[in-house]
Engineer: 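One structure follows; several queries about it will come next.
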Amino acid sequence: MAKSKKCGDCNDITGVSTLDLLSKDLGKKVRTAYDRIEDRGMSSCLFGSGGTCCRNCNMGPCQVIDGVDSMIGICGATADTIAARNFARIIASGTASHTDHAREMVRGFIATAKGKTPHEIVDVEKLHKMATLFGIEIEGREKNDIALELGEKALAEFGQQDGILTMTKRAPKKQQEIWEKLGVTPRGVDREVTEMMHRTHMGVDQDYKNIMLQGSRCALADGWGSSMLSTELTDIMFGTPVPKRAIVDMGVLREDMVNVTVHGHEPLLAEALCIVAEDDEILALAKKAGAKGINLAGVCCTGNEILMRRGIPVAGSFIQQEMVLATGAVEAMVVDVQCVMQSVAQVVKDMHTDIITTNYRAKMPDAIHIQFEEDAAYESAKDILKHAIGNFKKRGSFYIPKDHKVDVVVGFSHETISNMLGGRFRGSYKPLNDNIVNGRIRGVGAIVGCEHYKYSDDVHFEIAKELIKNNVLVLATGCAAQALGRRGLMTPEAAKEYAGKGLAEVCETVGIPPVLHVGSCVDNSRLLIALTEMVNEGGLGDDISQLPACGTAPLYMSEKAVAIGQYFVASGAHVIFQNLPTTGAKDFNNFLLDGMKELYGAAWGTEEDPIKLARKMIKAIDEKREALGINKKQDRVLYDMAMRRDLEAGAALPGAGCGGEGEKH
Ligand code: BF8
Ligand code: SF4
């Protein structure tokens with residue numbers, strides 16, 4: 001448990017910018033999650049933590065003890081049924097959250113195709129690719145016309161009742177066959193969430209294995225359905241990320257500019273703010289107020305979206321949202337949906353900072369609400385920035401931890417990975433697969449998800465260090481990615497310092513960091529495609545479960561992370577969390593940790609200790625290598641000419657890697 005912020009030698013809070021700020025008066029003044037943990041003075045409920053508290057009907061709540069007959073639910077529900085229902089409802093909520101985000105993005109995409117937003121269809125290649133997948137005619141048609149048809153077809157998949165979701169057809173054939181055989185191929189996005197909620201209502205599905213079949217179908221509707229739609233359509237609208245240099249951490253705030261932090265998830269608003277921040281009227285107003293301009297900085301996944309596509313700096317991740325405000329240097333924090341702590345409005349109550357909610361679905365006491373309208377995006381964004389500019393003159397004492405900003409290279413969409421490794425004109429995963437086969441790269445490890453306060457805040461860093469030291473290439477998303485960026489693992493130079501010889505050699509040749517920033521949480525769908533590309537490339541088995549790959553969301557906080565975990569497991573990728581809320585139900589817990597392997601070739605795992613967790617990931621990777629027959633200790637082979645050409649073709653990608661012309665800051 002995190003200790004007090006007054007604790008000078010506390011090793012649970014290790015983030016240097018956070019510690020720096022906490023040592024200042026401004027930091028000491030605000031009440032943060034660290035204080036609330038201490039003040040609450042009680043640990044979490046054991047029934048809740050173990051998943052065996054049921055409040056699904058008014059005969060309860062029933063706290064159930066596994067194996068004690070007198071302690072089953074009043075309706076007779078057992079610990080396994082209750083824990084499975086609770087777990088499945090977490091998946092349903094996580095899926096609903098990604099889905100509702102995705103739906104807004106698709107609606108914004110349609111509005112853009114109709115010319116009603118300040119955005120444009122920019123990635124025509126991807127537009128054509130997605131349109132073809134949806135069976136849409138592209139020949140001789142204008143891009144907005146195609147986009148409109150694509151948007152409408154995509155939107156229809158949310159309410160679809162039967163059939164299959166189009167994006168699932170991108171999965172390896174064998175994965176699709178497994179889903180078909182098990183009856184877990186998602187039919188419609190909303191239908192799977194609704195059915196999950198129904199089946200976990202009192203007195204419906206009371207067989208934990210059957211409940212989890214729908215748990216998988218619901219999660220697959222998230223990963224291969226709504227999240228993937230969101231990622232791809234957002235790319236078409238705002239551009240598919242390519243490598244960019246940028247900076248992260250609280251030091252990105254500017255003393256001489258109007259600081260506006262954008263926090264939440266749906267990038268429609270953030271993209272509009274990026275455009276309007278350059279508007280002449282807005283710049284003139286900022287100058288009149290005595291500022292040099294508008295400094296936009298991201299927080300949480302909105303931060304990841306604009307970092308990946310525009311190289312806009314990220315001020316902080318989930319765990320830093322209160323600290324970013326505690327600097328006293330933020331004129332406005334603009335929020336939309338998900339992962340916004342209610343406490344942010346209290347942190348700023350004696351400051352000049354405004355918390356501006358912008359979405360009718362997400363309001364908050366003590367915040368200002370300025371509704372963002374996607375078909376009046378420019379005007380809405382202008383209103384918001386004018387408000388922030390008005391606050392600049394009222395800024396009181398502030399402290400920006402200026403020394404704490406870290407360089408990162410970001411923008412590793414699945415296309416970028418392919419282009420960097422395979423060469424821009426014949427992008428391919430072949431060099432990655434070849435390097436896995438020859439052992440330079442042991443496998444791929446995904447570090448995704450959130451942050452919270454139950455474990456030390458350097459868990460992601462410890463896991464990543466151990467993985468890359470052992471030649472596992474790390475792909476990261478979400479707040480985990482930001483945490484790794486803050487620790488300096490997202491520069492090509494980090495390979496030299498932290499990576500094992502084989503991985504370092506590949507990183508150096510191609511000019512990539514050993515930890516690749518793949519995007520926000522909805523962008524975990526990019527990882528599904530990357531894994532699929534690895535399968536399709538050949539040489540590493542014929543489905544995802546055979547790949548030397550493993551994922552983790554160590555400091556998972558959000559229900560979305562559980563939905564993500566389940567769609568990876570159901571797609572054949574082993575996933576290890578630090579804890580799961582299922583330990584109070586032995587059989588169900590074992591089913592997650594072991595039984596699922598029989599169905600999907602992958603299962604969940606748990607491990608609290610970060611180093612042990614990383615080693616379990618490496619073990620899982622080695623087992624796959626063993627099964628593929630590529631785990632022999634190899635002599636280090638010098639690159640042959642073809643390999644060198646392949647790798648160097650990737651290094652020549654403009655703007656990419658250490659030698660590229662990424663954005664300057
Ligand atoms: O979607 S990683 S704390 S910000 S839930 Fe939230 Fe978790 Fe961060 Fe993004 Ni994802
Ligand atoms: Fe208790 Fe059963 Fe009602 Fe749950 S559904 S609260 S276990 S009676």
Side-chain angles (χ1 to χ4, degrees), residues 84 87-88 91-92 94-95 98-99 102 130 132-135 153-154 156-200 204-205 207-229 232 524-525 527-538 540-547 549 551 563-575 591-592 594-604 624 627:
F87 194 71
I91 293 171
T95 301
H98 279 148
T99 296
M130 289 306 123
T132 306
L133 198 67
F134 273 79
K153 284 208 159 140
E157 293 212 338
F158 289 80
Q160 185 172 292
Q161 300 305 315
D162 293 300
I164 62 169
L165 298 175
T166 304
M167 292 288 184
T168 57
K169 294 187 219 154
R170 301 174 87 184
K173 218 172 162 9
K174 208 161 151 207
Q175 246 69 46
Q176 296 184 48
E177 286 165 7
I178 292 169
W179 299 337
E180 194 55 38
K181 197 169 129 232
L182 292 171
V184 301
T185 308
R187 301 154 293 186
V189 178
D190 295 344
R191 179 172 182 189
E192 305 314 346
V193 177
T194 305
E195 186 171 312
M196 190 76 268
M197 293 306 286
H198 174 207
R199 281 168 67 163
T200 52
V204 187
D205 202 347
D207 170 340
Y208 65 82
K209 289 185 185 170
N210 205 42
I211 290 170
M212 279 311 295
L213 285 176
Q214 181 59 18
S216 291
R217 181 152 56 178
C218 185
L220 290 169
D222 176 344
W224 293 92
S226 57
S227 283
M228 198 174 285
L229 271 179
E232 302 291 33
N524 282 308
S525 58
L527 298 178
L528 294 175
I529 296 297
L531 295 174
T532 302
E533 297 277 355
M534 288 169 72
V535 171
N536 293 345
E537 191 54 59
L540 295 174
D542 59 1
D543 78 55
I544 292 174
S545 75
Q546 295 177 55
L547 294 174
I564 292 166
Q566 186 59 44
Y567 72 61
F568 273 108
V569 169
S571 301
H574 193 51
V575 167
F591 175 63
L592 293 183
D594 192 35
M596 280 203 170
K597 259 188 230 157
E598 268 178 48
L599 304 179
Y600 308 107
W604 290 83
K624 304 289 179 188

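Note that these values count all heavy atoms, side chains included, but never hydrogens, waters or copies made by symmetry. Being a predicted model, the structure only gives us computed values, none of them experimental.
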Engineer: Does E157 reach the side chain of T166, with side-chain heavy atoms less than 4.5 Å apart?
Structural biologist: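 Heavy-atom side-chain distance check passes, below 4.5 Å.
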Engineer: Mind checking the CD1-CD1 spacing from I91 to I564? Nearest 0.5 Å is all I need.
Structural biologist: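 With rounding to 0.5 Å, CD1 (I91) is 11.5 Å from CD1 (I564).
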Engineer: Distance-only, no hydrogens or angles: does the W604 side chain make a donor-acceptor pair with backbone N or O of Q566 under 3.5 Å?
Structural biologist: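 A pair under 3.5 Å: no.
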Engineer: Using a strict cut-off of less than 4.0 Å between a Lys/Arg side-chain nitrogen and an Asp/Glu carboxylate oxygen, indicate whether E598 and K209 qualify as a salt bridge.
Structural biologist: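 Not counted as a salt bridge, because no side-chain N and carboxylate O are separated by less than 4.0 Å.
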Engineer: Are the side chain of E195 and the backbone N or O of Q214 linked by a donor-acceptor pair below 3.5 Å?
Structural biologist: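 No; zero donor-acceptor contacts below 3.5 Å.
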Engineer: If the threshold is 4.0 Å, N to carboxylate O, is there a salt bridge linking K173 and D542?
Structural biologist: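 Looking at K173 and D542, the cut-off is not met.
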Engineer: What closest approach, in Å, do K624 and G601 show between heavy atoms, and which atom pair accounts for it?
Structural biologist: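 For K624 and G601, the tightest heavy-atom pair comes out as NZ-O, 3.6 Å.
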Engineer: Using modelled atom types only, decide if a donor and an acceptor are shared between the side chain of Q546 and the backbone of L540 within a distance under 3.5 Å.
Structural biologist: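 No, the answer is negative, given that no donor and acceptor are paired below the 3.5 Å cut-off.
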Engineer: Say you draw a straight line from CG of L527 to CZ of F568; how long is it, rounded to the nearest 0.5 Å?
Structural biologist: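 With rounding to 0.5 Å, CG (L527) is 4.5 Å from CZ (F568).
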Engineer: Rounded to the nearest 0.5 Å, what's the gap from CD1 on I529 to CE on M228? Could you check?
Structural biologist: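 Spacing of CD1 (I529) from CE (M228) equals 3.5 Å.
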Engineer: Between Q161 and G188, is there a donor-acceptor pair closer than 3.5 Å when you use the side chain of the first and the backbone of the second?
Structural biologist: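 The answer is no, because no donor-acceptor pair under 3.5 Å joins these two groups.
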Engineer: Tell me, yes or no, whether the heavy-atom count around E177 atom CD, taken from other residues, nucleotides or ligands under 6.0 Å, exceeds 12.
Structural biologist: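 Counting other residues, nucleotides and ligands, CD of E177 exceeds 12 neighbours.
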Engineer: What are the two closest non-hydrogen atoms of A573 and L531, and how far apart are they?
Structural biologist: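 The pair with the smallest heavy-atom distance is CB-CD1, 4.4 Å.
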Engineer: If you take all heavy atoms of T168 and P186, which pair is closest and at what distance?
Structural biologist: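 What the structure gives for the nearest pair is CG2-CG, 3.9 Å.
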Engineer: What is the distance from atom CZ of R217 to atom CG of D222, rounded to the nearest 0.5 Å?
Structural biologist: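 So the CZ of R217 and the CG of D222 are separated by 15.0 Å.
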Engineer: By the definition side-chain contact (heavy atoms from CB on, under 4.5 Å), identify the one residue from I544, L547, I178 that meets it with P172.
Structural biologist: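 When side-chain contact (heavy atoms from CB on, under 4.5 Å) is applied between P172 and each of I544, L547, I178, only I544 qualifies.
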Engineer: Can you check side chain to side chain donor-acceptor pair (under 3.5 Å) on S226 and T99, steps first, answer last?
Structural biologist: CA-CA 5 Å; S226 57; T99 296; 3.1 Å; yes
Engineer: What pair of heavy atoms forms the shortest contact from A603 to D594, and how long is it?
Structural biologist: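 Reported closest heavy-atom pair: CB-N, 4.2 Å.
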Engineer: I need the M212 CE to M596 CE distance, nearest 0.5 Å.
Structural biologist: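 Between M212 CE and M596 CE, I get 3.5 Å after rounding to 0.5 Å.
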Engineer: Atom CD1 in I164, atom CG in L220: separation rounded to 0.5 Å?
Structural biologist: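 I164 atom CD1 to L220 atom CG measures 12.0 Å (nearest 0.5 Å).
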Engineer: Holding to side-chain hydrogen bond (donor to acceptor under 3.5 Å, both in side chains), I want the full list of residues that pass it with E533, two or more places apart in sequence or in another chain.
Structural biologist: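 Once residues adjacent in sequence are excluded, E533 has no partner under the side-chain hydrogen bond (donor to acceptor under 3.5 Å, both in side chains) criterion.
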Engineer: Assess the residue pair W224 and K169 against the criterion (side chain to side chain contact (heavy atoms under 4.5 Å, CB included)); give the C-alpha distance rounded to whole Å, side-chain angles, the decisive distance to 0.1 Å, and a yes or no.
Structural biologist: CA-CA 9 Å; W224 293 92; K169 294 187 219 154; over 6 Å; no
Engineer: Taking Q160 for its side chain and R187 for its backbone only, find out whether a donor-acceptor pair lies under 3.5 Å.
Structural biologist: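 Such a contact is found between Q160 side chain and R187 backbone.
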Engineer: With Y600, which of S571, S216, S545 fulfils side chain to side chain donor-acceptor pair (under 3.5 Å)?
Structural biologist: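 Exactly one option meets the side chain to side chain donor-acceptor pair (under 3.5 Å) with Y600, and it is S216.
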Engineer: Indicate whether any N or O donor in one side chain lies under 3.5 Å from an N or O acceptor in the other, for T95 and E192.
Structural biologist: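 There is no such pair (donor and acceptor under 3.5 Å, judged by atom type) between the side chains of T95 and E192.
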Engineer: Which pair of heavy atoms, one from M130 and one from R170, lies closest together, and at what distance?
Structural biologist: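 Minimum heavy-atom separation between M130 and R170: CE-NH2, 3.4 Å.
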Engineer: To check you understand the geometry: which heavy-atom pair defines the closest contact between G223 and S525, and what is its length?
Structural biologist: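 Shortest heavy-atom contact: O-CB, 3.8 Å.
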Engineer: Just by modelled atom types, is the D543 backbone N or O under 3.5 Å from a matching donor or acceptor in the Q175 side chain?
Structural biologist: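 Between the backbone of D543 and the side chain of Q175 there is no qualifying donor-acceptor contact (under 3.5 Å).
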Engineer: Using side chain to side chain contact (heavy atoms under 4.5 Å, CB included) as the criterion, list what pairs up with M197, not counting sequence neighbours.
Structural biologist: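 With sequence neighbours excluded, M197 shows a side chain to side chain contact (heavy atoms under 4.5 Å, CB included) to R89, A92, given in chain and number order.
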Engineer: Any heavy-atom pair between the side chains of Y208 and L592 that's under 4.5 Å?
Structural biologist: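 L592 vs Y208: side chains apart.
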Engineer: Just jot down the side-chain hydrogen bond (donor to acceptor under 3.5 Å, both in side chains) partners of N210, sequence neighbours excluded, or say none.
Structural biologist: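 With sequence neighbours excluded, N210 shows a side-chain hydrogen bond (donor to acceptor under 3.5 Å, both in side chains) to D205, given in chain and number order.
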